[in-house]
Amino acid sequence: MRVLGIESSCDETGIAIYDEELGLLSHALYSQVKLHADYGGVVPELASRDHVRKIVPLIREALATADTRIEDLDGIAYTKGPGLIGALLVGACVGRSLAFAWNKPAVGVHHMEGHLLAPMLEDDAPEFPFVALLVSGGHSMLVDVQGIGRYQVLGESIDDAAGEAFDKTAKLMGLDYPGGPRLSKLAAQGHAADYKFPRPMTDRPGLDFSFSGLKTFAANTIAAEPDDEQTRANIARAFEEAVVDTLAIKCRRALELTGYQRLVIAGGVSANQRLRTSLAELMQKRHGRVFYPRGEFCTDNGAMIAYAGLQRLKAGATEDLAVKAQPRWPL
Ligand code: KG4
Ligand code: ZN
């Protein structure tokens, strides 16, 4: 079975071809980061228009690179939600229409299922079951993953997502969008000892997160301290350590609860080096293992949607002829 995957839920147009036997045959990505940088965040209408411009050329490119003809395809998968409605509709319209025109089955994929299955694209893929920590710009959640389609959400953010907290705090520090990686780079030059950031919601049982208080704490600290590079680096470091510690504490609890030995981290924030190191140490202590997607598949991409879509099609899922997108969609 061979599937074309389409991702367009936010500011990345991602297209990929995944083959059940041969693996990932091609993937093409266009990031709109530069387009949105001047505005300090994603402008939904600009995002939709840019997806319209890029999506068909990228599909052509992915098919050519994979040496795949239309008749070689067994289905088309696209991100159906959650995400920006206009951006999602571009992928859903193109995916559903091509499937109709080419007489193939179509399947709508949950964006977060794509992220949590992304480590399956690697040679060294985790076996089921595992705990997944999904940390992106839109979501922070811990999921008990028992198999394809068997997901139980153990906890999630009650306010800002981890990536959102990174981005908003970075903005307070005058760093450009997307701020997460920039804040992390600045933090590498700082030391945390001067500031005692809280570890939100770790003093009570449960697996939910709350990150908006950390952003407020950072805002107050920035306002009270001198405005120089080293101070900012120190605050960035203290903020990053607080986010990472909080995530690690909740991961440990989720592993204790499920008894699993495998942890998967995915979503944009899984690119964070301090988080990776911290979770690797946690799993070493627990005699378990941590799995991540390769760097380029931590953030949004078409490969994870092609993979998840193929699994869904194999399980018999298909869309009817209506073009549907779900900006809000629980996992
Ligand atoms: O998964 P993703 O590409 O898009 C969403 O579905 O949201 O995640 C993007 C998020 C942004 O908030 C970005 O700042 C954050 O991931 N991010 C990072 C790092 N790289 C990306 N946050 C902290 N450290 C990083 N190295
Ligand atoms: Zn994402």
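Numbering starts at 1 and runs along the sequence shown. Only this structure's heavy atoms are used, side chains among them; waters, hydrogens and symmetry mates stay out. In listed order, ligands and their atoms are each counted from 1.
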* What N/O/S atom of His111 gets nearest to the Zn ion (ligand 2)? ->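 Atom name of the closest N, O or S in His111: NE2.
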* **Of all N/O/S atoms in Asp300, the name of the one nearest the Zn ion (ligand 2)** =>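 Closest to the Zn ion (ligand 2) among those atoms: OD1.
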State the atoms of ligand 1, each with its element, that fall below the 4.0 Å cut-off from a heavy-atom position in [X].
X      : result
Gly163 : 12 (O)
His115 : 1 (O), 6 (O)
Ser136 : 1 (O), 5 (C), 6 (O), 7 (O), 8 (O)
Thr299 : 3 (O)
His111 : 6 (O)
Gly138 : 7 (O)

* Does the ring center of His27 lie less than 6.0 Å from the ring center of Phe297? ->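 Yes, the ring of His27 comes within the 6.0 Å limit of the ring of Phe297, centre to centre.
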* Asked: Would Phe239 and Phe166 count as a close aromatic pair, with their ring centres under 6.0 Å?
  ->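 Centroid distance Phe239-Phe166: below 6.0 Å, so yes.
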* To do: Using the six-membered ring of Tyr292, assess whether NZ or CZ of Arg276 lies under 6.0 Å from its centre and within 45 degrees of the ring axis.
  =>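 Judged by the rule, Arg276 and Tyr292 form a cation-pi pair.
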* Test item: Val290 and Leu282 side chains (from C-beta on) under 4.5 Å apart, heavy atoms ->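 Not in contact.
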* Quick one: does Asp67's side chain get under 4.5 Å of Leu25's, heavy atoms only? ->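 SC-SC contact between Asp67 and Leu25 ruled out.
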Identify, for [atom], the protein heavy atom at the shortest distance, and state residue, atom and that distance.
atom                    : answer
atom 2 (P) of ligand 1  : Asp300 OD1, 3.6 Å
atom 22 (N) of ligand 1 : Gly180 CA, 3.6 Å
atom 11 (C) of ligand 1 : Asp167 OD2, 3.5 Å
atom 24 (N) of ligand 1 : Asn272 ND2, 3.0 Å
atom 8 (O) of ligand 1  : Gly268 CA, 3.3 Å

* When you check the gap from the basic side-chain N to the acidic O, do Glu281 and Lys285 get nearer than 4.0 Å? ->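 Lys285 and Glu281: not salt-bridged.
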* Work out which heavy atom in Ala192 is nearest to a heavy atom in Arg237; give both atom names and the distance. =>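 Nearest heavy atoms, Ala192 then Arg237: N-CG, 3.6 Å.
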* Out of curiosity, Thr258 OG1 to Leu142 CG, how far, rounded to the nearest 0.5 Å? ->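 Spacing of OG1 (Thr258) from CG (Leu142) equals 9.5 Å.
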* For ligand 1, does Gln273 get within less than 4.0 Å through its side chain, its backbone, both, or neither, judged by non-hydrogen atoms? ->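 Answer for Gln273: neither.
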* Asp203 CG: over 12 foreign heavy atoms closer than 6.0 Å ->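 Yes - once you tally the heavy atoms of other residues, nucleotides and ligands closer than 6.0 Å, there are more than 12.
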* Counting only heavy atoms not in Gln189, do more than 12 fall under 6.0 Å of its CD? ->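 Correct, the count exceeds 12.
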* To do: Specify whether Phe197 and Tyr195 have parallel, tilted or perpendicular ring planes, treating 30° as the upper limit for parallel and 60° as the lower limit for perpendicular.
  =>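 Perpendicular: the ring planes of Phe197 and Tyr195 meet at over 60°.
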* Asked: Does a donor on one side chain sit under 3.5 Å from an acceptor on the other, for Glu229 and Thr231?
  ->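 Short answer, no.
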* Say whether His139 and ligand 1 are in contact under the criterion: heavy-atom distance to a ligand atom below 4.0 Å. =>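 Checking ligand 1 against His139, which is what was asked, there is no heavy-atom contact under 4.0 Å.
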* Take every heavy atom of Pro181, measure it against each atom of ligand 1, and state whether any distance is under 4.0 Å. =>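 Heavy atoms of Pro181 do come under 4.0 Å of ligand 1.
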* To do: Give a yes or no on whether His139 keeps an N, O or S atom under 2.8 Å from the Zn ion (ligand 2).
  =>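 It does not; every qualifying atom lies at 2.8 Å or beyond.
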* From Cys10, does some N, O or S atom reach closer than 2.8 Å to the Zn ion (ligand 2)? ->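 Cys10 does not place any N, O or S atom closer than 2.8 Å to the Zn ion (ligand 2).
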* To do: Compare Gly137, Gly295, Ala165, Gly41 and give the one whose heavy atom is closest to atom 10 (C) of ligand 1.
  =>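 When every heavy atom of Gly137, Gly295, Ala165, Gly41 is considered, Gly137 comes closest to atom 10 (C) of ligand 1.
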* Has ligand 1 got any nitrogen or oxygen that is less than 3.5 angstrom from a nitrogen or oxygen of Phe166? ->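 No, Phe166 has no N/O under 3.5 Å of an N/O on ligand 1.
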